[in-house]
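Quick note on labels: first sequence line is chain A, next is B, and so on, each numbered from 1.
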There are 2 protein chains.
Amino acid sequence: MPRVGLNQQTVVREAARLADEVGFQQLTLAALASRLGVALPSLYKHVRGADALAQKLAVLATAELATEMTTAAVGRSGGDALRALADAYRDYALRHPGRYPATQRVPDPADPEHVEAGERAVGAIFAVLRGYGLTGDDAVDATRALRSALHGFVTLEAAGGFGLPRDIDRSYHQLVASMDISFRSWPRTGG
Amino acid sequence: MPRVGLNQQTVVREAARLADEVGFQQLTLAALASRLGVALPSLYKHVRGADALAQKLAVLATAELATEMTTAAVGRSGGDALRALADAYRDYALRHPGRYPATQRVPDPADPEHVEAGERAVGAIFAVLRGYGLTGDDAVDATRALRSALHGFVTLEAAGGFGLPRDIDRSYHQLVASMDISFRSWPRTGG
DNA sequence: CAACGTTGGCTAAGTGGCTTAGCTTTAAGG
DNA sequence: CCTTAAAGCTAAGCCACTTAGCCAACGTTG
C-alpha cells in the first residue's frame, strides 16, 4: 500500500478547506480522513486528536485573518483604516465560514505560533485605534468594543440571525460608521 | 416501578439548569436523564431528540431574556433605557452561561412560542431605539448594531477572549456609552 | 370495582463520532 | 542489503444519539 505522504500542514490545510465547505461544527475526523484518502486512525500520526486539530486550525485561521486585517489597514489611518479593516474582517468571515469560528478559540499559551497570531490580530486593531489617538486603557476598551461589534455582527449574520429584509451590507457599513463616530469622541478615562 | 412524572416543561427546565452548570455544549441527554432519575431513552417520550431539546431550550431562554430586557427598560428612555437594557442583557448572559448560547438559535417558524419570544427580544431593543428617534431602516440598522455589540461582547467575555487585565465591567460600560453616542448622532439614511 | 387503553417508563440494539493499542510495510540511510 | 523510524492499517472500546418494541402504571369508563 503506497503512502499518501501526509504531514501536519497538509492535514490542517485540508481541514480548513473541508470546514469551509461543510461548516466548523460538521468538520469530522472521519470526513477529513476520507478526503485525504487514509483511514481515520492514521490522522493521529499527524495530529493529537480532534481537539488538537481544532487548535491548529485556529492558528491557521487566526494568522490568515490577522494578515488580511493588517494588509487592509496598512497605509491608511482614521476612518479609512477602520473601514478597510472592518471590511477585511467581514470578508474573511464570509469567504471562510468554517475557518472563522475557529479563530474564536483563545490562544494556547503553549503554542508560540498561536500566541503570535493572536497578538498580530489584536495588534492590527490596536494600530487602527492609535490613529484615533486612543492609547492605554482607552485603547483596550475600544479594542474590546470593536472586536465585539465586528465579531457579533458576522456571527449573527452567519447564523441567519438578521431576519428582516433590510440589506445586510448596508447595516454593516452603518455599524462601522457609528464606530468611527464613537472612536472620534470616545468617552475618555485618561488611561 | 413508580413513575417519575415528567413532562416536557420539567425536562426543558432541568435542561436549562444543567446547561448553566456544565455549559451548553456539554449538555447531554445522558446527563439530563440521570439528573432526572430516568433512563436516557425515556426522554424521548417528552422531547423529540437532542436537537428539539436545544430548540425548546432556546424558546425558554429567549423568552426569559426578552422579559428581563423589557423589564429593565420599562419606564426609562434614551441613554437610561439603553444602559438598563444592556446591563440586563449581560447580567443574563453571565448568570446563565448555559442558557445564553441557546438564545442564538434562530426562531423556528413552526413554533409560535419561539417566534413570539424572538419578537419580544428584538422589540425590546427596538423600543429603546425609538427613544433616540430612530425608526424605519435606521432602526433596523441600529438594532443590528446594538445586538452585534452586546452579543459580541458577552460571547468574547464568556470565551475568555479578553486577555488583558483591564476591568471588563468598565470596558462594557464604555461600549454602552459609545453606543449611546452613536445612537444620538446615528448616520441617517432617511429610512 | 374491574377492564381497558394510553402513556411513561424500561431494555436491547444500531449508528456514528473519537481514541488507543498494536501490527505491517514503506522508504530512507548506513 | 539490512536496519529502523515513521506512516499507514485493523481491531476494539468508549460515549453520544436514536429507534424499536415491551411492560407496567394510571386514568377513564362501564
Side-chain angles (χ1 to χ4, degrees), chain A residues 1-60 97-99 101-102 104-105 108 110-111, chain B residues 1-60 97-99 101-102 104-105 108 110-111:
Chain A
M1 37 199 85
R3 293 200 179 176
V4 179
L6 301 179
N7 56 41
Q8 192 178 75
Q9 211 179 58
T10 60
V11 169
V12 173
R13 285 224 252 259
E14 191 60 35
R17 270 182 235 118
L18 182 54
D20 283 339
E21 290 176 26
V22 303
F24 182 66
Q25 290 299 330
Q26 284 69 43
L27 173 61
T28 177
L29 291 186
L32 180 57
S34 105
R35 176 75 83 95
L36 289 166
V38 296
L40 193 156
S42 305
L43 295 178
Y44 283 75
K45 295 290 171 166
H46 308 289
V47 161
R48 284 182 174 284
D51 190 69
L53 177 65
Q55 193 258 324
K56 290 302 183 187
L57 187 51
V59 177
L60 171 74
R99 298 174 203 212
Q104 292 311 308
R105 190 178 175 109
D108 175 2
D111 186 340
Chain B
M1 36 198 84
R3 293 197 180 179
V4 179
L6 300 179
N7 56 40
Q8 190 177 76
Q9 210 178 60
T10 58
V11 169
V12 174
R13 286 224 252 259
E14 190 61 35
R17 270 182 235 117
L18 182 54
D20 283 340
E21 290 175 26
V22 305
F24 182 66
Q25 290 301 328
Q26 284 69 46
L27 173 61
T28 177
L29 291 184
L32 179 58
S34 105
R35 175 77 82 96
L36 290 166
V38 124
L40 192 155
S42 305
L43 295 178
Y44 283 76
K45 295 290 170 158
H46 307 290
V47 162
R48 284 182 173 284
D51 189 70
L53 176 65
Q55 193 258 324
K56 291 301 183 187
L57 187 52
V59 177
L60 171 75
R99 296 174 205 214
Q104 291 312 308
R105 190 178 176 112
D108 175 3
D111 186 340

**Student:** Name the closest nucleotide to the A/P41 side chain, picking from C/dC10, D/dA11, D/dT18.
**Tutor:** D/dA11
**Student:** Determine the minimum heavy-atom distance between A/D20 and A/G98, stating which atoms define it.
**Tutor:**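 In this case the closest contact between A/D20 and A/G98 is OD1-N, 2.9 Å.
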**Student:** Assess whether one donor atom and one acceptor atom, taken from the side chain of A/R3 and the base of C/dA27, lie less than 3.5 Å apart.
**Tutor:** no
**Student:** Out of C/dC10, D/dG8, D/dC17, which nucleotide sits closest to the side chain of A/V4?
**Tutor:**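 Closest of the options to the side chain of A/V4: D/dG8.
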**Student:** Looking at every non-hydrogen atom in both residues, tell me the closest pair between B/Q8 and B/H46 and how far apart they are.
**Tutor:**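 Nearest heavy atoms, B/Q8 then B/H46: NE2-O, 3.2 Å.
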**Student:** Nearest whole angstrom, please: distance from the P of D/dC22 to the NZ of B/K45.
**Tutor:** 12 Å
**Student:** I need the residues from residues 47-59 of chain B with at least one non-hydrogen atom less than 4.0 Å from DNA chain C; give them sorted by number, or say none.
**Tutor:** none
**Student:** Does D/dG8 have its OP1 or OP2 closer than 4.0 Å to a side-chain nitrogen or oxygen of A/H46?
**Tutor:**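 Yes, A/H46 has a side-chain N/O under 4.0 Å of OP1/OP2 on D/dG8.
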**Student:** For A/L6, which contact category applies under a 4.0 Å heavy-atom criterion: base, sugar-phosphate, or nothing?
**Tutor:** sugar-phosphate
**Student:** Checking contacts here: which listed nucleotide (C/dT19, D/dA7, D/dC17) is nearest the side-chain heavy atoms of B/Y44?
**Tutor:** D/dC17
**Student:** Quick one, which residues of residues 21-36 of chain A touch DNA chain C with a heavy atom under 4.0 Å?
**Tutor:** A/T28, A/L29, A/A30
**Student:** To the nearest 0.5 Å, what is the distance between CZ on A/R17 and CZ on A/R99?
**Tutor:**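 If I round to the nearest 0.5 Å, the distance is 7.5 Å.
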**Student:** Return all side-chain donor-acceptor pairs below 3.5 angstrom for residues 50-59 of chain B, not counting sequence neighbours, or 'none' if the list is empty.
**Tutor:**
{"unit_1": "B/D51", "atom_1": "OD1", "unit_2": "B/R105", "atom_2": "NH1", "d": "3.4"}
{"unit_1": "B/D51", "atom_1": "OD1", "unit_2": "B/R105", "atom_2": "NH2", "d": "3.4"}
{"unit_1": "B/D51", "atom_1": "OD2", "unit_2": "B/R105", "atom_2": "NH2", "d": "2.9"}
{"unit_1": "B/Q55", "atom_1": "NE2", "unit_2": "B/D111", "atom_2": "OD2", "d": "3.0"}
{"unit_1": "B/Q55", "atom_1": "NE2", "unit_2": "B/H114", "atom_2": "ND1", "d": "3.1"}
{"unit_1": "B/K56", "atom_1": "NZ", "unit_2": "B/D111", "atom_2": "OD2", "d": "3.1"}

**Student:** Taking all non-hydrogen atoms of both residues, which atom of A/A102 and which atom of A/F24 are closest, and how far apart?
**Tutor:**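 Shortest heavy-atom separation between A/A102 and A/F24 comes out as CB-CE1, 3.8 Å.
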**Student:** What is the distance, to the nearest angstrom, from the CG atom on A/L43 to the C1' atom on C/dG17?
**Tutor:**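 So the CG-C1' distance, A/L43 to C/dG17, works out to 13 Å.
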**Student:** For B/S42 and C/dC10, is the shortest distance between a side-chain N/O and OP1 or OP2 below 4.0 Å?
**Tutor:** yes
**Student:** Show the nearest heavy-atom pair for residues B/A16 and B/L60, with the distance to one decimal.
**Tutor:**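 Shortest heavy-atom contact: CB-CD2, 3.4 Å.
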**Student:** Verify the neighbour count for atom CD of B/Q9: are there more than 12 heavy atoms of other residues, nucleotides or ligands below 6.0 Å?
**Tutor:**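 Result for CD/B/Q9: open.
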**Student:** Return the value, rounded to whole Å, for the distance between atom CG of A/L40 and atom P of D/dT10.
**Tutor:**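 My rounded result for the distance is 11 Å.
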**Student:** Between CZ of A/R13 and CG of A/L6, what distance do you get to the nearest 0.5 Å?
**Tutor:**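 Going from the CZ atom of A/R13 to the CG atom of A/L6 covers 13.0 Å.
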**Student:** Which residue is it: B/T10, B/L18, B/L43? I am looking for the one with a side chain to side chain contact (heavy atoms under 4.5 Å, CB included) to B/L36.
**Tutor:** B/L43
